[in-house]
Amino acid sequence: MRSESHKKTKMKSFSISTPSSFKFWPTVYSHGWCDLRPFQIDKTAEHIDTVLRLSDASFCAVRMREAKNGIRVTLQTPETMASGQCAEMKQIILSMFRLTESMDKFYERARKEPAFRWVAASGGGRLLRSQSVFEDVVKMVSTTNCSWALTKIMTDNLAVMLGPEVAEGKHAFPEPSAIAAQSESFMRKEIRCGYRAPFLLEFAESVASGRRAVEQWRDWEGTTEELFKEMRSVKGVGEYAAGALMKLLGRYEYLGLDSWCRAKFYELHSRGKTVSDAKIEKHYVSFGKWRGLFLWMDVTHHWFSQKFPF
DNA sequence: GCGTCCAGGTCTACC
DNA sequence: GGTAGACCTGGACGC
């Protein structure tokens with residue numbers, strides 16, 4: 001009886017306590033995802049909004065800000081929800097901010113390297129991810145072979161045109177079935193995803209039909225190589241996209257090099273001169289299973305001097 | 001304002 | 001296994 005009445009308690013906000021190694025803004029700005037819907041940042045008010053989808057098919061637009069010992073989450077629309085729903089939201093946010101993973105071993109390794117001693121104190125290494133693996137894959141495909149401006153256009157269009165509107169201007173990311181139901185022409189002309197349209201449609205259909213259980217990738221029991229191979233079997237997911245996606249699943253053996261990473265590496269380690277990918281691989285090989293994350297820390301080190309680096 | 005060129009990953013066909 | 005060309009868009013640039 002007591003637990004039943006507890007479940008029905010309505011809540012307007014809740015807090016998430018975090019380990020001392022966690023830093024809110026460096027995690028938000030760990031890579032470009034915070035710039036893509038449904039995330040929306042207000043730099044003046046210093047908060048980040050998003051829209052969460054719950055297992056009972058309800059939605060909630062939430063506002064998250066840095067708090068003394070963690071994250072403060074305030075419900076926007078609806079303004080209150082049952083405590084059980086808030087508990088589910090808390091689990092989703094923990095996963096998005098990578099608070100379900102221990103970074104102790106990574107920080108231990110970083111402290112041994114003079115060039116990376118700054119990492120632990122700066123709260124680096126937790127890479128923000130979407131609520132779902134499906135959303136991460138769609139976004140990653142949308143980053144391939146185009147400018148960041150076009151990636152933003154594609155993800156904006158997906159959320160606004162196909163994602164449910166929870167509050168004015170606040171849309172959840174679309175479900176696989178919502179994308180799968182579109183025509184290739186709509187995806188090309190309206191979403192502006194061009195030649196990626198058939199790739200995204202095929203992927204969305206495979207997830208919506210249950211043929212591809214992508215959400216299980218976060219609990220993958222096979223080897224890292226097998227997971228990488230599984231990702232590469234998605235059309236539109238090449239070496240870069242799969243490598244970058246692996247990092248969002250807590251596996252850092254692949255570098256996930258794109259042109260931006262390469263350019264930054266050349267600037268930092270070869271006086272601007274182009275070198276082969278093999279040479280870049282060699283540079284980080286001593287970091288073992290953490291090499292992909294050390295590469296990312298290396299090329300984004302300059303971001304950590306500002307609260308809002310982009 | 002218009003046309004041209006380039007950058008950006010991945011796929012496919014071909015050698 | 002390696003390579004070339006196609007895919008498509010926004011942005012930069014020249015006129």
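Quick caveat, the model's predicted, so the values are computed rather than measured.
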### Task
Run the numbers on A:Thr27 and A:Arg126 for side-chain hydrogen bond (donor to acceptor under 3.5 Å, both in side chains), then give the verdict.
CA-CA 6 Å; A:Thr27 304; A:Arg126 293 184 199 274; 5.2 Å; no
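Taking atom CG of A:Leu255 as the reference point, atom C1' of B:dG9 lies 16 Å away to the nearest angstrom. Distance A:Lys152 NZ to C:dG10 P: 15 Å, rounded to the nearest Å. Atom CE of A:Met154 and atom C1' of C:dG10 are 10 Å apart (whole Å). Here the P atom of nucleotide C:dA12 and the CH2 atom of A:Trp148 are 17 Å apart, to the nearest Å. Straight-line distance from the CG atom of A:Leu150 to the C1' atom of C:dT9: 5 Å, rounded to whole Å. Taking atom CD1 on A:Ile191 and atom P on C:dC8, their separation rounds to 16 Å, with Å as the unit. Between the OH atom of A:Tyr195 and the P atom of C:dG10 there is a distance of 13 Å, rounded to whole Å. As a whole-Å value, the separation of A:Leu200 CG from C:dC8 C1' is 13 Å.
Between A:Arg196 and the phosphate of B:dC11, there is no side-chain N or O to OP1/OP2 separation shorter than 4.0 Å. Distances shorter than 4.0 Å separate some side-chain N or O of A:Arg192 from OP1 or OP2 on C:dG10. Note on A:Ser259: a side-chain N or O is less than 4.0 Å away from OP1 or OP2 of B:dG9.
Within 6.0 Å of CZ in A:Arg211 there are more than 12 heavy atoms belonging to other residues, nucleotides or ligands. More than 12 heavy atoms of other residues, nucleotides or ligands lie within 6.0 Å of CD in A:Gln306, so this atom counts as buried by the packing criterion.
Relative to the side chain of A:Arg188, the nucleotides B:dG8, C:dC7, B:dT10 differ in distance, and C:dC7 lies closest.
Overall bending of the helix from B:dG1-C:dC15 to B:dC15-C:dG1, expressed as the angle between end axes built from five pairs apiece, is 30° (10° steps).
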Could you list the donor-acceptor pairs under 3.5 angstrom formed by side chains in residues 147-157 of chain A, with sequence neighbours left out?
unit_1, atom_1, unit_2, atom_2, d
A:Ser147, OG, A:Leu150, N, 3.3
A:Trp148, NE1, A:Asp35, OD2, 2.9
A:Thr151, OG1, A:Ser142, O, 2.8
A:Thr151, OG1, A:Ser147, O, 3.4
A:Lys152, NZ, A:Asp35, OD1, 3.2
A:Thr155, OG1, A:Thr151, O, 3.0
A:Thr155, OG1, A:Lys152, O, 3.3
A:Asp156, OD1, A:Arg37, NE, 3.2
A:Asn157, ND2, A:Ile153, O, 3.2
A:Asn157, ND2, A:Glu190, O, 3.2
A:Asn157, ND2, A:Ile191, O, 3.2

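By the criterion of side-chain heavy atoms lying less than 4.5 angstrom apart, applied directly or through intervening Ile, Leu, Val, Met, Phe, Trp or Tyr residues, A:Phe173 is not grouped with A:Phe59; the two fall into different hydrophobic clusters.
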Give me the distances for all protein-to-nucleotides 1-5 of chain C N/O pairs that come in under 3.5 Å?
none

Measure all distances between protein nitrogen or oxygen atoms and nitrogen or oxygen atoms of nucleotides 12-15 of chain B, and list the pairs falling under 3.5 Å.
unit_1, atom_1, unit_2, atom_2, d
B:dT12, OP1, A:Lys235, NZ, 3.3

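Between A:Trp25 and A:Phe308, the ring centre distance stays below 6.0 Å.
For the ring pair (Phe, Tyr, Trp, His ring centres under 6.0 Å) condition, the pairs that include at least one residue of residues 101-120 of chain A, sequence neighbours left out, are A:Phe106-A:Trp290, A:Phe106-A:Phe294, A:Phe116-A:Phe287, A:Phe116-A:Phe294, A:Trp118-A:His301, A:Trp118-A:Phe304.
Side-chain contact between A:Arg53 and A:Pro164 is present, with at least one heavy-atom pair separated by less than 4.5 Å. Put simply, the side chain of A:Asp49 does not reach to within 4.5 Å of the side chain of A:Phe39, judged on heavy atoms.
Under the rule for a salt bridge (charged side-chain N to carboxylate O under 4.0 Å, His left out), A:Glu226 has no partner lying at least two apart in sequence or in another chain.
With no hydrogens or angles considered, no side-chain donor-acceptor pair links A:Tyr240 and A:Ser259 at under 3.5 Å. If you check the side chains of A:Lys170 and A:Gln40, you find a donor sitting under 3.5 Å from an acceptor.
Across all strands, A:Val141 comes closer than 4.0 Å to no nucleic acid atom at all (heavy-atom distances).
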